[in-house]
Amino acid sequence: MSGSPDDLPFFGDDETPRPPSAAPRAGGIAARAMAARQGAAAPYLEGLNPEQRLAVETTEGPVLVLAGAGTGKTRVLTTRIAHILATGRAYPSQILAVTFTNKAAREMKARIGVLVGQAIEGMPWLGTFHSIGVKLLRRHAELAGLKSSFTILDTDDQIRLLKQLIQAEGLDDKRWPARQFAQMIDGWKNKGLVPKDIPEGDARAFANGKGRELYTAYQERLKTLNAVDFGDLLLHPIRIFRENPDVLAEYHRKFKYILVDEYQDTNTAQYLWLRLLAQRPQIKSGLPAEGRARDRAPGDVSPAPAEDQPPQAAERPVSENKQQQINICCVGDDDQSIYGWRGAEVDNILRFEKDFPGATVIRLERNYRSTAHILGAASHLIAHNEGRLGKTLFTDAADPDDPKVKVHAAWDSEEEARALGEEIEALQAKEHALNDMAILVRASFQMREFEDRFVTLGLNYRVIGGPRFYERMEIRDALAYFRVVAQGADDLAFERIVNVPKRGLGEAAVRQIHDVARMRGAPLLQAARDLVGTEEMKPKPRAALRNLVESFERWQGMLERTPHTELAELILEESGYTDMWKNDRSAEAPGRLENLKELIRSMEEYESLRGFLEHVALVMDAERDEELDAVSLMTLHSAKGLEFDTVFLPGWEEGLFPHQRALDEGGRSGLEEERRLAYVGLTRAKKNLHVWFTSNRRIHGLWQSTIPSRFLDELPEAHVEVAEDGGAYGGYGRPLGDRQPGRPNPYGPSRFDEAAEVFSSTYATPGWQRAQKNRTDATARNWGTRSGHQVERIGYGETDSGYGAGRGSVKGRTIEGELVAKSVADSPSAFKVGDRVFHLKFGNGNVAAIDGNKLTIDFDKAGQKRVLDGFVERA
DNA sequence: TATATGCTCATTTTT
DNA sequence: TGAGCATATA
């Protein structure tokens with residue numbers, strides 16, 4: 001982002017835009033532009049299908065491209081930019097292109113580079129919402145009461161700050177956790193709400209009604225720290241635009257084309273931000289934000305969010321202003337909106353045509369990724385959602401040999417992992433690269449079982465997602481040192497490392513520094529410097545502090561003349577930070593030292609320490625090792641945008657997927673988002689798709705029986721088959737003997753023995769049928785209600801099959817508003833200590849202890865386990 | 001200041 | 001169940 005010519009002069013390069021008719025410069029673009037104008041298809045247009053081409057060539061006016069999974073979305077976006085440039089419609093700096101992730105931005109830059117050649121000097125305004133926000137804010141910082149050198153706080157800093165504020169208010173920080181409040185603030189900022197705008201109900205909900213005060217105090221504190229959080233990167237520009245029409249007008253003049261990737265993921269703040277930039281006189285009549293009824297969960301009685309208020313004056317189109325038309329093009333897929341829980345408003349994309357009257361809507365439905373079976377399955381599933389813009393993916397590349405989508409059953413998660421591992425090994429034997437396979441789970445706890453299994457098998461795997469490099473403790477500590485050196489006033493950074501490694505500067509010392517800082521209105525480092533010159537501190541801490549302050553001064557003095565990697569290394573050495581880990585005997589210590597080395601290495605790419613810090617604040621991703629051939633393991637969320645030849649989707653059980661919490665908290669729209677998540681999962685696969693479910697899963701340490709996900713039932717029979725290993729219980733792994741032959745399988749052997757048959761006829765087990773019935777009976781209106789307490793016992797031995805069972809009070813699980821499972825805790829346990837019992841998974845054993853419906857059993861073979869009494873019977 | 005013990009919580013995650 | 005956090009304890 002730095003170093004582009006656009007950074008320095010204010011609007012420098014496009015004060016005098018080249019008129020479209022000007023003679024093109026010799027070279028790549030010009031030649032192509034000529035070609036384009038003369039009607040000969042420019043080379044970059046070749047190979048586009050008609051819809052894609054239309055999306056590329058409809059450069060004027062608002063355009064919405066509904067790009068289904070695997071339909072060449074990125075290609076359209078990049079080609080469109082190339083086209084705009086090549087035909088001389090705009091300079092690179094007149095195009096605003098926003099993405100959500102750095103990865104997407106990087107990819108786009110690279111691809112445009114390839115299309116256009118090096119004739120352009122990069123795209124200064126191609127980046128994430130946040131990186132562009134930083135850029136805007138650095139230019140106009142003073143209008144937000146900041147200095148342009150402001151620092152960007154991450155979540156960790158944010159939480160520490162909030163905690164201080166909560167304590168300063170005299171509130172109990174356990175009753176009112178800073179983390180939770182940080183989330184609330186995020187939520188407000190996602191909606192574009194500053195303290196005075198937040199709904200009264202929200203304001204009261206936190207800290208004995210002090211929510212609003214705390215939010216205000218937080219914003220003030222940020223200002224004094226000359227800092228912003230991620231949300232501010234959008235909010236400040238919005239406010240600046242609203243309050244300074246002249247500034248906004250500059251950008252209106254500047255940006256001729258706006259492109260937005262993943263529009264379905266935009267939140268309200270991003271929407272407002274975009275609309276400010278893209279507003280045109282035409283919008284005047286249909287003020288978009290009005291009368292927008294958000295889909296709410298029943299029972300949500302909080303007042304309408306402020307986003308429903310009419311926009312403020314500054315946003316209103318200035319009709320008399322003869323501004324140029326700004327052409328906005330949003331690309332997205334409403335069916336892949338899976339981030340509602342973090343503020344994304346699917347509504348933004350659903351409403352596009354109203355927001356931008358006269359918009360051209362182009363659907364990309366030709367899929368280049370998956371087989372017809374996979375597409376058929378995905379399309380059929382997603383068709384169960386209401387409120388879609390509607391698309392149906394198709395492919396021309398149908399091959400009769402393509403395998404159908406396979407559904408597999410497993411007894412429990414352990415067997416699921418084992419069977420899946422075998423499947424992978426079998427594929428590997430058939431020369432399939434592990435890199436082409438992925439396991440996509442709903443929740444990260446599911447990964448563990450696979451990891452364990454793969455370790456046993458010696459199968460390479462990689463976890464995508466997980467804790468990020470820059471979030472690791474040692475990295476953040478190191479960065480804090482660098483921050484203090486580069487920006488002496490960074491109090492949060494200073495605080496983080498004053499006593500890391502331990503220098504005897506405990507709570508008391510820090511308190512003292514704080515007091516001085518507050519009294520003088522100076523940063524902590526400054527205060528510390530003053531403090532060591534006085535007698536106020538005890539000798540020991542004073543010496544330690546003096547040493548630290550002097551070190552910082554020394555390092556700051558070296559900042560300009562020492563190569564930054566060298567300086568960084570020196571800082572970590574001299575501060576004792578490296579030694580701290582060298583002396584640490586714990587298992588992670590070597591890894592942490594390795595990470596620190598990696599950090600220094602990664603700094604080499606940057607020109608200076610400051611440049612590096614700027615990058616780090618926004619780019620939180622780490623590269624993956626492409627060399628290794630390994631199976632990818634990740635959540636469904638992190639799989640969006642990726643594709644693999646073979647995809648495994650384990651854990652398709654009610655309660656896990658769709659996740660119970662999504663159902664409880666999100667109601668119908670929660671379910672629909674889960675379904676979109678399933679759709680995302682299915683459409684990641686190019687050739688082979690395997691879906692799994694188990695009958696038993698351990699939740700919070702207790703074994704629970706589960707029923708197959710309703711999503712399985714929403715897959716079309718024509719494209720799905722039940723895997724031949726379907727008798728997985730017997731087929732894979734567990735020897736029959738383990739299962740006590742002759743004993744009736746309490747949970748219903750039919751499911752496993754006749755899996756194939758069973759699946760094609762809606763999983764004809766008793767439990768499933770009952771669930772089915774409940775589902776049919778329960779109307780959609782019942783969402784989220786607690787009424788209709790229907791008691792049911794599933795399986796054998798008075799089993800409680802509900803998630804959350806065994807937790808004491810309310811038991812059972814809601815399926816579309818009906819309780820199908822129930823507690824057995826109300827009734828005294830049918831067992832007593834010493835009873836001989838049998839358990840399906842663990843075999844025979846003796847009851848060692850009883851706690852409500854939870855039994856501790858000493859199993860003959862499996863050792864001591866805790867299980868629900870519903871899972872055992874008398875032996 | 002280091003270790004022990006208790007308590008709470010348990011989807012998804014970018015910037 | 002078990003991880004992460006916070007307080008208790010010596």
Side-chain angles (χ1 to χ4, degrees), chain A residues 98-105 127-134 152-159 163 172-175 177-180 183 186 189-190 228-234 262 265-267 269-270 337-344 440-448 464-468 470-471 473 499 501-507 584-586 615-621 634-641 651 655-666 670 673-674 676-678 680-681 697-704 803-804 806-807 854 856 864-867:
Chain A
V98 274
T99 64
F100 274 85
T101 63
N102 291 297
K103 194 178 159 209
T128 61
F129 277 101
H130 296 266
S131 69
I132 288 170
V134 175
I152 302 162
L153 306 187
D154 60 31
T155 324
D156 222 65
D157 298 322
Q158 204 186 347
I159 289 169
K163 192 164 175 180
D172 179 1
D173 65 315
K174 261 173 303 203
R175 179 147 157 63
R179 178 172 297 277
Q180 193 192 325
Q183 277 165 11
D186 266 359
K189 290 190 173 179
N190 282 159
V228 298
D229 63 18
F230 285 124
D232 287 340
L233 295 177
L234 285 166
E262 306 278 19
D265 286 339
T266 50
N267 60 36
Q270 286 155 342
S337 162
I338 54 176
Y339 285 110
W341 51 274
R342 63 176 198 210
L440 314 181
V441 297
R442 171 68 246 257
S444 45
F445 77 85
Q446 292 173 261
M447 291 186 189
R448 196 179 156 163
I464 313 248
R468 278 164 188 45
Y470 290 110
E471 281 167 10
M473 190 211 314
N499 204 29
K502 300 249 186 303
R503 331 185 143 83
L505 295 169
E507 217 178 312
D584 190 305
R585 292 263 150 262
S586 67
H615 154 90
V616 156
L618 289 176
V619 181
M620 287 301 216
D621 50 16
M634 70 191 95
T635 63
L636 286 160
H637 282 91
S638 29
K640 196 167 90 163
L656 178 58
F657 193 36
H659 199 281
Q660 192 54 41
R661 232 167 124 169
L663 263 33
D664 291 345
E665 290 167 17
E673 184 155 311
E674 293 288 288
R676 291 193 291 267
L677 195 52
V680 167
R697 196 170 283 275
R698 197 159 59 169
I699 308 288
H700 308 333
L702 290 172
W703 284 98
Q704 320 256 281
Y803 277 18
R807 275 222 150 227
K854 283 169 270 179
T856 304
Q864 197 177 74
K865 305 272 180 199
R866 291 210 340 146
V867 296

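Throughout, protein chains are lettered first and strands after them, A, B, ... in sequence-line order, and every chain is numbered starting at 1. Below, each value reflects all heavy atoms present in this structure, side chains not excepted, and no hydrogens, waters or symmetry copies. Here the structure is a predicted model, which is why all the values come from computation and not from measurement.
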Look at the side chain of His700(A) and decide which nucleotide, out of dT13(B), dT15(B), dA10(B), has an atom nearest to it. dA10(B)
Below the 4.0 Å mark, does dT13(B) have OP1 or OP2 next to a side-chain nitrogen or oxygen of Ser638(A)? yes
Quick check for you: among dT13(B), dT11(B), dT15(B), whose closest atom lies nearest to any side-chain atom of Glu665(A)? dT11(B)
I want to check something: taking the side chain as every heavy atom from C-beta on, are Gln270(A) and Val98(A) in contact at a cut-off of under 4.5 Å? no
Whole angstroms only, please: what is the CG-C1' distance between Asp186(A) and dT12(B)? 15 Å
Rounded to the nearest 0.5 Å, what separates atom CD in Gln183(A) from atom CG in Asn190(A)? 11.0 Å
Separation of atom CG in Leu234(A) from atom C1' in dT15(B), rounded to whole Å: 9 Å
Rounded off to whole Å, could you give me the CD-to-C1' distance for the Gln158(A) and dT15(B) pair? 11 Å
Flag as yes if Tyr339(A) stacks onto the base of dT13(B) (centroids under 5.5 Å, planes under 30°), otherwise no. no
Would you measure the distance from the P atom in dG4(C) across to the matching atom in dT11(B) and give it in whole Å? 14 Å
Once you round it to whole Å, what is the distance between P of dT12(B) and CD of Gln183(A)? 12 Å
What is the separation between atom CD on Gln180(A) and atom P on dA10(B), rounded to the nearest whole Å? 11 Å
Separation of atom CZ in Arg697(A) from atom P in dA10(B), rounded to whole Å: 19 Å
Protein within reach of the bases, or only the backbone? For nucleotides 3-10 of chain C, mark each nucleotide 5' to 3' as B, S or -, using heavy atoms under 4.0 Å. S--SS---
Report the distance from atom CG of Leu677(A) to atom C1' of dT13(B), rounded to the nearest whole Å. 12 Å
First encountered from the 5' end of DNA chain B, between Lys502(A) and Ala443(A): Lys502(A)
Once you round it to whole Å, what is the distance between C1' of dA2(B) and CG of Asn499(A)? 14 Å
Please check this pair: side chain of Glu673(A) against backbone of Gly670(A), looking for a donor-acceptor N/O pair closer than 3.5 Å. no
Need to verify one output field. Residue with the more 5' nearest nucleotide on DNA chain B, Arg661(A) or Gly506(A)? Gly506(A)
Test log, rule side chain to side chain contact (heavy atoms under 4.5 Å, CB included), inputs Met634(A) and Val441(A): CA-CA 6 Å; Met634(A) 70 191 95; Val441(A) 297; over 6 Å; no
Got a second to check how far Leu677(A)'s CG is from Phe657(A)'s CZ, nearest 0.5 Å? 4.5 Å
Where the side chain of Trp341(A) is concerned, which of dT13(B), dA10(B), dT15(B) is the nearest nucleotide? dT13(B)
Among the nucleotides dA10(B), dT15(B), dT13(B), whichever has the atom closest to the side chain of His637(A) is dT13(B)
Counterpart residues, side chain to side chain contact (heavy atoms under 4.5 Å, CB included), relative to Glu262(A) (two or more places apart): Lys73(A), Phe100(A), Gln264(A), Asp265(A), Lys640(A)
Using OP1 and OP2 only, check whether a side-chain N or O of Thr155(A) sits under 4.0 Å from dT15(B). no
Ignoring backbone atoms, establish whether Ser444(A) has a side-chain N or O less than 4.0 Å from OP1 or OP2 of dT11(B). no
Under the side chain to side chain contact (heavy atoms under 4.5 Å, CB included) test, which residues partner Lys189(A), sequence neighbours left out? Ile185(A), Tyr215(A), Tyr218(A), Gln219(A), Leu222(A), Asp229(A), Asp232(A), Leu235(A)
Parallel under 30°, tilted from 30 to 60°, perpendicular over 60°: which one fits the rings of His637(A) and Tyr339(A)? tilted
In whole angstrom, give me the gap between the P atoms of dA3(C) and dT12(B). 16 Å
